[in-house]
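Heads up, the thing below is written out as structure tokens.
Each ligand, and each atom within it, is numbered from 1 in the order the structure gives.
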Amino acid sequence: MTSAVMPTYARAPVAFVKGEGCRLTARDGRTFLDFAAGIAVCALGHAHPRLVAALHEQAQRLWHCSNLFEVEHQESVAAALARLTFGELVFFANSGAEANECAIKIARRHHAAAGHPGRYRVLAFKGSFHGRTLATLAAAGNPKNLDGFGPVVDGFDHAPYGDLAAATAAVGPHTAAILVEPIQGEGGIKVPDPAFLKGLRALADKTGALLMFDEVQCGMGRSGALFAHQRVGVAPDVMTVAKGLAGGFPVAACVATRKAAAAMTAGSHASTFGGNPLAMRVAIEVLAIVAEPAFLARVAQAGQVLAAGLDALVARHPHLYAERRGVGLMQGLRCTLDPGTMADRLRDAGLLIAPAQDHVIRLVPPLIVSDAEIEEALLILDAVARSALKAA
Ligand SMILES: *Cc1c(COP(=O)(O)O)cnc(C)c1O
């Protein structure tokens, strides 16, 4: 049967019909241990009772309300994000790309309002991912994703990730902002030296550029801190959040200081669905759970268990697992086979992972993963490495 869905994805031949915690059940009855979590989205696993109840309760009252009116729960989510971070003002969107669009617009308007409309360029980094809109594609600058889509949106410069000297050289009088993932996700789970982020903060302070962190993937508890930059003790002027924010209900946020966003006045930006009551109600619940210090401490502990197990696999099976990278429950394994093949083999053995660039497979389980489930995933990774050795 031919499909009417536009074939923009290379989909694996499996359809899930039910999820519970860290497990998914497919239409044919097979069950899988989910260490992909919708690509770091299902922070509290599948069908978390508190999220189900919150969504259900809100669905019975009000689904949608235009931003022409006050939208219930937006104030609560914005206040929570402000209380838990450097931020003071929040714009709600529906996807990571849209939150980054908002960040880019904030940067341009910030300088335009100060009388410097020519100061519009954003310095971003190679190997990053910021979304699939035309501006966020230009920000990441990945030629593969830009191919065939016409003129690249102007206003983006690039430096190698982790290279502070190159970043310093690339910042000029036209630089409005520096946009960076505190940990690169799609790029292959790259954790920079803390000195890199600290240096970018100093560079922004010196030049008047805004420092903008894309925490769409590494935020919402994944690193063991609520936001990855908090581990390093470097606060940005603007931060984008999405994936885990409502545990799988689509929502995103662009969090800024009052100063950075001072020019974002009424009419300057908008979204029909952004901050929808359903999304807000679920986000309140996710934030209440994930921001608890005991919850984050458990994420860090689970991350250590996973990292130690992965290190042991690298030591035991260097023919397949070349290197482990990551912090908390954002772990990557660089493999000698391509990530797509690895995804197929692991899935056949009952484990879901998310491929990334640089020959890396991502292990980004729900943050509620148990030690027993981590052990089970490690056993599957071990078994796949042993059968790869036999086949070779
Ligand atoms: C996934 C991702 C995005 C894009 O999010 P969408 O919701 O797909 O638009 C942006 N930045 C980072 C770091 C991401 O991981």
Using a strict 4.0 Å cut-off to heavy atoms of [X], name the atoms of ligand 1 that fall inside it.
| X | answer |
| --- | --- |
| S95 | 7 (O), 9 (O) |
| G131 | 4 (C), 10 (C) |
| H130 | 10 (C), 11 (N) |
| A97 | 4 (C), 5 (O), 6 (P), 9 (O) |
| N100 | 10 (C), 11 (N) |

Output yes when K259 and D237 qualify as a salt bridge under the 4.0 Å nitrogen-oxygen rule, no when they do not. no

May I ask you to say whether R362 pairs ionically with E186, meaning some side-chain N is under 4.0 Å from a carboxylate O? yes

Heavy-atom neighbours of F273 CZ exceed 12 at 6.0 Å: no

Tell me whether the count of non-hydrogen atoms from other residues, nucleotides or ligands lying under 6.0 Å of NE2 in H56 goes above 12. no

[X], any N or O under 3.5 Å of ligand 1 N or O:
| X | result |
| --- | --- |
| E181 | no |
| G96 | yes |
| V216 | no |
| D214 | yes |
| F129 | yes |

Give me the nearest non-hydrogen protein atom to atom 1 (C) of ligand 1 as residue plus atom name, then the distance to 0.1 Å. K243 NZ, 1.5 Å

Protein heavy atoms near atom 15 (O) of ligand 1, is at least one of them under 4.0 angstrom away? yes

Non-hydrogen side-chain atoms of S128 and V180 separated by less than 4.5 Å: no

Keeping the roles fixed (side chain from Y161, backbone from E181), state whether a donor-acceptor pair exists under 3.5 Å. yes

If the test is ring pair (Phe, Tyr, Trp, His ring centres under 6.0 Å), which one of F156, F213, F196 qualifies with F125? F196

If only side-chain N and O atoms count, and only distance matters, is there a donor-acceptor pair under 3.5 Å linking N67 with Q74? yes

